[in-house]
Amino acid sequence: MTIKIFDSMARDVIPFETREEGKVAMYCCGPTVYNYIHIGNARTMLWFEFIRRYLDFRGYDVTYVMNYTDVDDKIIERAKIEKIPPEGITQKYTRAFEEDLAAMGAETPDIVSKATDHIGDMVAAIEGLVDKGIAYESDGNVWYSVEAFEGYGKLSGRTLEDMRAGERVEPMPGKRHPLDFSLWKTAKDGEPSWDSPWGPGRPGWHIECSVMSTKYLGMDFDVHGGGTDLIFPHHENEIAQAEGLLGGEFVRHWMHAGMVQMGTEKMSKSLGNVVLAHDAIETFGGPVLRYWALSGSYRSQVAFSESVIADSTAAYERWSTFLTSAQHSLGTDMPEAPDHPRRPIGEAVPKGPGAEFVIRFIESMDEDFNSAGSFAAVHDLVRDANRALEATHAGDAEARTRLIDLTSTFLELTNVLGFRFEVSAGASDALVAGLVEFLIEMREKARAEKAFERADAIRDKLTELGVVAEDTPSGTRWRIGAST
RNA sequence: GGCGGCGUGGCCGAGUGGUUUAGGCAAGGGCCUGCAAAGCCCUGUACAGCGGUUCGAUUCCGCUCGCCGCCUCCA
């Protein structure tokens with residue numbers, strides 16, 4: 001078994017071949033920290049973190065780098081609006097980003113690099129490009145000369161002539177070619193700036209990713225990710241910079257995530273049709289958003305709408321409900337959730353209870369991270385486990401063993417997907433749990449006495465408070481409802 | 001105009017050259033239950049249109065129609 005991957009440069013699904021056997025070096029373009037991210041940004045971030053997680057599951061030793069763009073025109077604008085210094089803006093939104101991603105179950109990359117910590121590296125890179133005649137200075141600005149890089153356009157599949165035909169912007173003064181892009185911007189009064197051979201200024205956007213990715217991962221690293229909207233010009237420019245300066249190949253596999261659609265339009269900050277991840281987490285909860293983001297192919301455009309989120313909520317609840325039911329039934333035999341389980345490539349095919357689901361999960365994910373098939377495998381596993389649960393209630397001891405095994409597999413696979421369920425009944429607060437259990441006891445007593453009116457009154461009140469009480473042959477189980 | 005992608009049953013969404021069910025949500029019927037909830041069982045017979053290749057195409061090729069992304073900051 002090997003992993004296949006849709007490579008944007010190859011425009012095809014091709015075998016995943018890493019620079020170094022067993023190791024993966026990957027980079028993903030992170031946020032510009034001038035505002036809360038929206039759920040389109042979030043989806044891409046969640047996906048690359050998930051890919052990282054999956055590669056780890058398959059036995060790779062992964063180094064994952066993500067950047068923070070903390071120097072940018074938009075940050076300067078935002079600082080004016082919020083009337084705080086640019087550093088205040090970047091600190092505030094960097095933190096918000098980290099909290100939001102964590103709420104959706106994403107782990108921090110191995111290396112998180114900030115542009116402002118690498119200004120010196122960028123200046124050196126720009127100097128190198130100027131020395132090689134690939135970049136030129138003009139009035140304190142430094143431009144990259146696209147005509148000086150032979151491969152320009154190879155990622156986005158276009159030629160300089162193609163792009164000139166579709167030109168829509170006025171050429172900037174000082175540029176030799178309209179598509180030449182900024183490496184260094186001269187500072188205006190009051191703007192954040194750093195010294196450079198061309199005077200005080202700040203780096204252009206694209207250079208940071210070339211510099212930081214190669215600094216930490218070297219050239220020819222394995223995976224570079226981002227949204228499809230970054231293919232041109234950002235990633236094209238990254239290639240031009242890195243390969244122009246260092247020679248050789250920049251990246252082995254380019255991966256791009258599809259855009260989130262609001263109605264018929266792409267969600268984007270400039271269109272203003274955004275749903276902030278911060279708000280969506282508040283409304284729907286992190287795990288549901290994670291389910292929504294990861295349950296479909298990363299390459300597809302995906303809608304964000306009430307109905308689609310309702311589907312994700314229901315599907316996710318099916319999983320969490322199963323787990324509380326299993327917990328209720330198994331008690332102390334409940335398996336523990338594994339932490340970063342591994343099923344390395346080349347290891348023996350899984351055997352035993354639940355193995356068929358693991359195999360389906362892996363086969364699907366190995367094929368360009370086809371999560372839809374893997375989610376389906378987990379759903380089928382849950383059906384099987386629910387059957388075992390019923391049989392367990394009927395006193396079938398073998399079914400109970402099977403339930404334990406399937407629950408264990410469920411926890412393994414959902415851990416790879418990055419879900420962490422509350423395996424307790426759902427109340428983290430012992431006092432709340434105690435009170436609920438007391439009420440459940442009262443209700444059980446009422447039911448035993450066939451005082452159904454009183455029993456129903458208790459259940460109604462619990463429901464009102466967001467506690468779902470369900471009667472089973474082995475007693476009443478309860479959970480905090482996910483949709484409150 | 002250039003480059004790229006998509007069009008699957010009520011909705012979302014995988015997949016495959018043919019004899020086996022993607023999966024989820026919603027719907028209908030049933031089982032279980034004091035009632036309920038959850039769960040389980042059963043049901044729906046889908047692949048934009050038109051041609052072509054083929055013994056056979058939803059799955060390959062061409063065309064048409066429709067939708068979307070990139071070509072400008074953008075995940």
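So you know, we letter chains A, B, ... as the sequences are listed, proteins then strands, and number each from 1.
Side chain Asp73(A) to base C73(B): no donor-acceptor pair is found below 3.5 Å. For Lys74(A) against C73(B), a side-chain N or O and a base N or O form a donor-acceptor pair under 3.5 Å. Taking 3.5 Å as the limit, the base of C68(B) and the side chain of Lys266(A) contain no donor-acceptor pair of atoms between them. The base of G34(B) lies close enough to the side chain of Arg447(A) for a donor and an acceptor atom to sit less than 3.5 Å apart. A donor and an acceptor atom sit less than 3.5 Å apart, one in the side chain of Arg459(A) and one in the base of A36(B). With hydrogens and angles ignored, a donor-acceptor pair under 3.5 angstrom links the side chain of Ser270(A) to the base of C73(B). Side-chain atoms of Asp456(A) and base atoms of G34(B) include a donor and an acceptor less than 3.5 Å apart. Taking only distance into account, the side chain of Asp229(A) never meets the base of G69(B) through a donor-acceptor pair shorter than 3.5 Å.
Looking at Lys92(A) and Glu82(A), a side-chain N of the basic residue comes within less than 4.0 Å of a carboxylate O on the acidic one, giving a salt bridge. A salt bridge is defined here as a Lys NZ or Arg NE, NH1 or NH2 lying under 4.0 Å from an Asp or Glu carboxylate O, and Arg360(A) with Glu363(A) fails to meet this definition. In summary, Arg202(A) and Asp73(A) engage in a salt bridge, as defined by a charged side-chain N under 4.0 Å from a carboxylate O. Comment: Arg454(A) engages Glu449(A) in a salt bridge, judged by a side-chain N to carboxylate O separation of less than 4.0 angstrom.
Here the side chain of Val308(A) is nearest to one of G23(B), C70(B), C12(B), namely C12(B). Checking G24(B), A14(B), A75(B) against the side-chain heavy atoms of Leu230(A) singles out A75(B) as nearest. Each of G4(B), G69(B), G24(B) was ranked by its minimum atom distance to the side chain of Asp311(A); first place goes to G24(B). For Ala314(A), whose side chain is taken as the heavy atoms from C-beta onward, the closest listed nucleotide among C25(B), G39(B), A38(B) is C25(B).
Two residues are said to be in side-chain contact when any heavy atoms from C-beta on lie closer than 4.5 Å; His206(A) and Gln241(A) meet this criterion. In this structure, Met334(A) and Leu323(A) have side chains that are in contact, with non-hydrogen atoms separated by less than 4.5 Å.
Pairs engaging residues 283-292 of chain A under the salt bridge (charged side-chain N to carboxylate O under 4.0 Å, His left out) rule: Glu49(A)-Arg290(A) [sequence neighbours left out].
With P as the reference atom, A26(B) and C63(B) are 42 Å apart, rounded to whole Å. Taking atom C1' on both nucleotides, A14(B) is separated from U21(B) by 13 Å, rounded to a whole Å. The gap from the C1' atom of A27(B) to that of C11(B) amounts to 11 Å, rounded to the nearest Å. Comparing G52(B) with U59(B), their C1' atoms sit 15 Å apart, to the nearest whole Å. Rounded to whole Å, the separation between the C1' atoms of G15(B) and C60(B) comes to 16 Å. Taking the C1' atom of each, G18(B) and G28(B) are spaced 32 Å apart, rounded to whole Å. Across A46(B) and G7(B), the matching C1' atoms stand 13 Å from one another, rounded to whole Å.
Rounded to whole Å, the distance from CD1 on Ile309(A) to C1' on C11(B) is 15 Å. Counting to the nearest Å, the P atom of C32(B) and the CD atom of Glu470(A) are 19 Å from each other.
Tyr298(A) and Trp47(A) have tilted rings, their planes meeting at an angle from 30° to 60° on a 0 to 90° scale. Taking the six-membered ring where tryptophan is involved, the planes of His253(A) and Phe16(A) are tilted, since the angle between them lies from 30° to 60°. Taking the six-membered ring where tryptophan is involved, the planes of His278(A) and Tyr36(A) are essentially parallel, since the angle between them stays under 30° and well short of 60°.
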Look for any protein N or O under 3.5 Å of an N or O in nucleotides 41-47 of chain B and output each such pair with its distance, or none.
unit_1	atom_1	unit_2	atom_2	d
C41(B)	OP1	Arg387(A)	NE	2.9
C41(B)	OP1	Arg387(A)	NH2	2.4

Revision key, fill the gap. Annotated structure of RNA chain B as dot-bracket, pair cut-off 3.5 Å, Watson-Crick or G-U only, | for inter-strand, is (((((((..(((.....[....))).(((((.......)))))....(((((..]....))))))))))))....
